[in-house]
Student: 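This is the structure I want to talk about, given as structure tokens.
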Amino acid sequence: MSKEITSREQDYSQWYNDLVLKGGLADYSAVRGCMVIKPYGFALWENMRDALDKMFKDTGHVNAYFPLFIPKSFLSKEAAHVEGFAKECAVVTHYRLKNDPNGGGVVVDPEAKLEEELIVRPTSETIIWNTYKDWIQSYRDLPLLINQWANVVRWEMRTRLFLRTAEFLWQEGHTAHATAEEAVAETEQMLEVYATFAEEFMALPVIRGVKSESERFAGAVDTYCIEALMQDGKALQAGTSHFLGQNFAKAFDVKFLNKENKQEFVWATSWGVSTRLIGALVMAHSDDDGLVLPPRIAPLQVVIVPIYKGDEQKAQIDAKVKEITDALKTLGIRVKYDDNDNARPGWKFAEYELKGVPVRIAIGARDLQNNVVEVARRDTKEKSSVSLEGIAQHIQGLLNDIQSNLYNKAKAYRDSHITKVDSWEEFEKVLNEKGGFVAAHWDGTAETEEAIKDKTKATIRCIPLNNEHEDGKDMLTRKPSKQRVFFARAY
RNA sequence: CGGGAGGUAGUUCAGCCCGGUAGAAUACCUGGUUUGGGACCAGGGGGUCGCAGGUUCGAAUCCUGUCCUCCCGACCA
């Protein structure tokens, strides 16, 4: 079987698909637009999930679970919300099958039509706010800080492994607050949690920003986001945090009695990241030899491959490897000893590179004699001979090194692909020839934004949070502008 | 939902134009030799050719319909 990865230069889509499939993360499934996340991919997701979950809990949140099905009437209570999601909803209309009177199979039983259709949640704001209505009476019930880990379904026209699937796994936080200030602070805090996670765990530098009105979440007052840059120069929205104002409180009539004994609508936020992050990870760090996973979230951090002739050598190597793995495990390092005799060393080397394992240790008779092992790092492909003395500490240091190297490399690439542009000609040239983020003046209107999108496929990714104010002119309309915004072609 | 390509062994694909016993590589199983970058030899198992109709003595091959997948658009995290 061909295990070669399509080169990035040849075809970026194929390169990406190869990485996901041959790296063992996921597979296509029998269901349109849905994918199977394989054990290796799921282990990666679990590591990401656990790290995020801890950060949520450290900021005072708790987990709960709400139903998969949403009554159709709930979805339509918030006008902008239903309009945003209506086109991509899966709908349950019946609750029973029966034997096909005309043949061997089964058919939907027309007798079993639901009185009210159920929507498979595309997101859970509505069902959650319908519940919050019963949970919130007084300012003493606030803030309500709840997260749920769940699957959602959005019936997209065109899907891509991890980046856009019909069903995906995510977490969605839904909080309720007594004041707008507090809700905005929560929105910003969670954006920062996401940014920190992306940068420290995924080694993925991100731009923190606010969406323009047309890119805003359906039903939000403000949408904050983190935007990452992929190796092909396209941007990827990696996480969002929404300030919902009182929109959902009003739609679901969620009021509380404040300290002055007055009824008031509560203030809301919601925030989420999904398995899309795995797609971001793949596109940001991998190379033509396979995946490159950051050590902090890699399912396997170290793999040990023995090289031997005969049982006697194998036994000696086994004993030495036992010492090494014990020492590594003591330091909390995820290590696997692959002494499967069916595959030869060269095959294993290639296989673990494909899977992006950060560090590989090879140990053979030659090494035993010299009291060393061969250590290879996935990010740079460098190999070195390392003394067994203090090997575990050395590996730990190396993992940290790889983590920061990946981040620095991605950041250097990202920073060199932020281009300031003042004219339309330049704008198109940079988009077509260089890619990345283009910092340009925009007159602030949705019409201009739309016109730019039509002409170039580039969208406003965000207005950076730490943006400097600077007078200028819109590159297309020449109308005045107070600041630059970030444009890019995006996934 | 438009345009393109495709669905044949676990996988990647050939065979189709021009109808006539189902093929290759690889993976898998058995035995042996191997093992420092995807080993080799010998033997073996495995496919209602996406599905449903039609044409025909005969269909993987021709016709019609249908489902699914990938790529490019539009839509979106």
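Lettering follows sequence order; numbering is per chain, from 1. Reckoned from all heavy atoms, side chains included, excluding hydrogens, waters and symmetry mates.
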Student: For B:rG73, does OP1 or OP2 lie under 4.0 Å from any side-chain N or O of A:Lys457?
Tutor: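 Yes, because at least one side-chain N or O of A:Lys457 sits under 4.0 Å from OP1 or OP2 of B:rG73.
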Student: If you measure from the C1' atom in B:rU66 to the same atom in B:rG6, how many Å do you get, rounded?
Tutor: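 These two C1' atoms come out 16 Å apart once rounded.
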Student: For B:rG20 versus B:rG2, give the span between their P atoms, rounded off to a whole number of Å.
Tutor: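 Their P atoms lie roughly 35 Å apart.
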Student: Rounding to the closest angstrom, what is the interatomic distance between B:rG44 and B:rC57 at atom C1'?
Tutor: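 37 Å, rounded to whole Å.
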Student: Can we call the ring centroids of A:Trp271 and A:His61 under 6.0 Å apart?
Tutor: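 Yes, close enough.
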Student: Taking the P atom of each, how far is B:rA9 from B:rG23, in whole Å?
Tutor: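 B:rA9 and B:rG23 have their P atoms separated by 14 Å.
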Student: Whole-Å distance between B:rU30 C1' and A:Asn342 CG?
Tutor: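 Interatomic distance, CG of A:Asn342 to C1' of B:rU30: 13 Å.
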Student: Provide the distance between the two P atoms, one in B:rC70 and one in B:rU12, to the nearest whole Å.
Tutor: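 The answer is 13 Å between these two P atoms.
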Student: Under the 3.5 Å rule, do the base of B:rG38 and the side chain of A:Glu353 count as making a donor-acceptor pair?
Tutor: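 No, no donor-acceptor pair under 3.5 Å.
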Student: What's the separation between atom CD in A:Glu167 and atom OG1 in A:Thr275, rounded to the nearest 0.5 Å?
Tutor: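 Output value for this atom pair is 9.0 Å.
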Student: Within the modelled atom types, does a donor on one side and an acceptor on the other bring the side chain of A:Lys383 and the base of B:rG37 under 3.5 Å apart?
Tutor: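 Side chain to base: pair found, below 3.5 Å.
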Student: Where each residue is assigned the nucleotide of RNA chain B containing its nearest heavy atom, which of A:Asn17 and A:Arg216 is assigned the position nearer the 5′ end?
Tutor: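 Counting from the 5' end, the first nearest nucleotide belongs to A:Asn17.
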Student: Given that A:Tyr28 and A:Pro345 both sit by RNA chain B, which one's nearest nucleotide is further toward the 5' end?
Tutor: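 The answer here is A:Pro345.
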Student: Pick the P atom in B:rU11 and in B:rA5, then give their distance to the nearest Å.
Tutor: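 Taking atom P in both B:rU11 and B:rA5, they lie 24 Å apart.
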Student: Does any donor-acceptor pair link the side chain of A:Arg344 with the base of B:rG36 at a separation under 3.5 Å?
Tutor: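 It does not, because no donor-acceptor pair links the side chain of A:Arg344 to the base of B:rG36 below 3.5 Å.
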Student: Which nucleotide wins on minimum distance to the side chain of A:Lys87, given the candidates B:rG36, B:rC75, B:rU35?
Tutor: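 So the side chain of A:Lys87 is nearest to B:rC75.
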Student: In plain terms, say whether A:Asp401 and A:Arg377 are close enough for a salt bridge, that is, a side-chain N and a carboxylate O under 4.0 Å apart.
Tutor: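 The answer is yes: the pair qualifies as a salt bridge.
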Student: Are A:Phe248 and A:His174 an aromatic pair, judged by ring center distance below 6.0 Å?
Tutor: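 Centroid distance A:His174-A:Phe248: not below 6.0 Å, so no.
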Student: Using a 4.0 Å heavy-atom cut-off across all strands, classify A:Glu374 as base, sugar-phosphate, or nothing.
Tutor: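 Touches a base.
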Student: Tell me the partner of B:rA25, counting only Watson-Crick (N1-N3 plus N6-O4 or O6-N4) or G-U wobble (N1-O2 and O6-N3) with both under 3.5 Å; none if nothing fits.
Tutor: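 Its partner is B:rU11 (Watson-Crick or G-U wobble, both distances under 3.5 Å).
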Student: What's the gap between B:rU69 and B:rU8 when it is taken at their P atoms, as a whole Å value?
Tutor: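 Straight-line distance between the two P atoms is 14 Å.
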Student: Counting only Watson-Crick pairs (N1-N3 plus N6-O4 or O6-N4) and G-U wobbles (N1-O2, O6-N3), all under 3.5 Å, who is the partner of B:rG2?
Tutor: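 Matched B:rG2 with B:rC72 under the 3.5 Å cut-off.
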Student: Should B:rC40 form a Watson-Crick or G-U wobble pair with both distances under 3.5 Å, which nucleotide is its partner?
Tutor: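 Paired with B:rC40, as far as the under-3.5 Å criterion goes, is B:rG32.
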Student: Taking the P atom of each, how far is B:rA27 from B:rG10, in whole Å?
Tutor: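 Roughly 16 Å separates the two P atoms.
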Student: Using a strict threshold of under 4.0 Å (side-chain N to carboxylate O), is an ion pair present between A:Glu353 and A:Arg360?
Tutor: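 Yes, A:Arg360 and A:Glu353 are salt-bridged.
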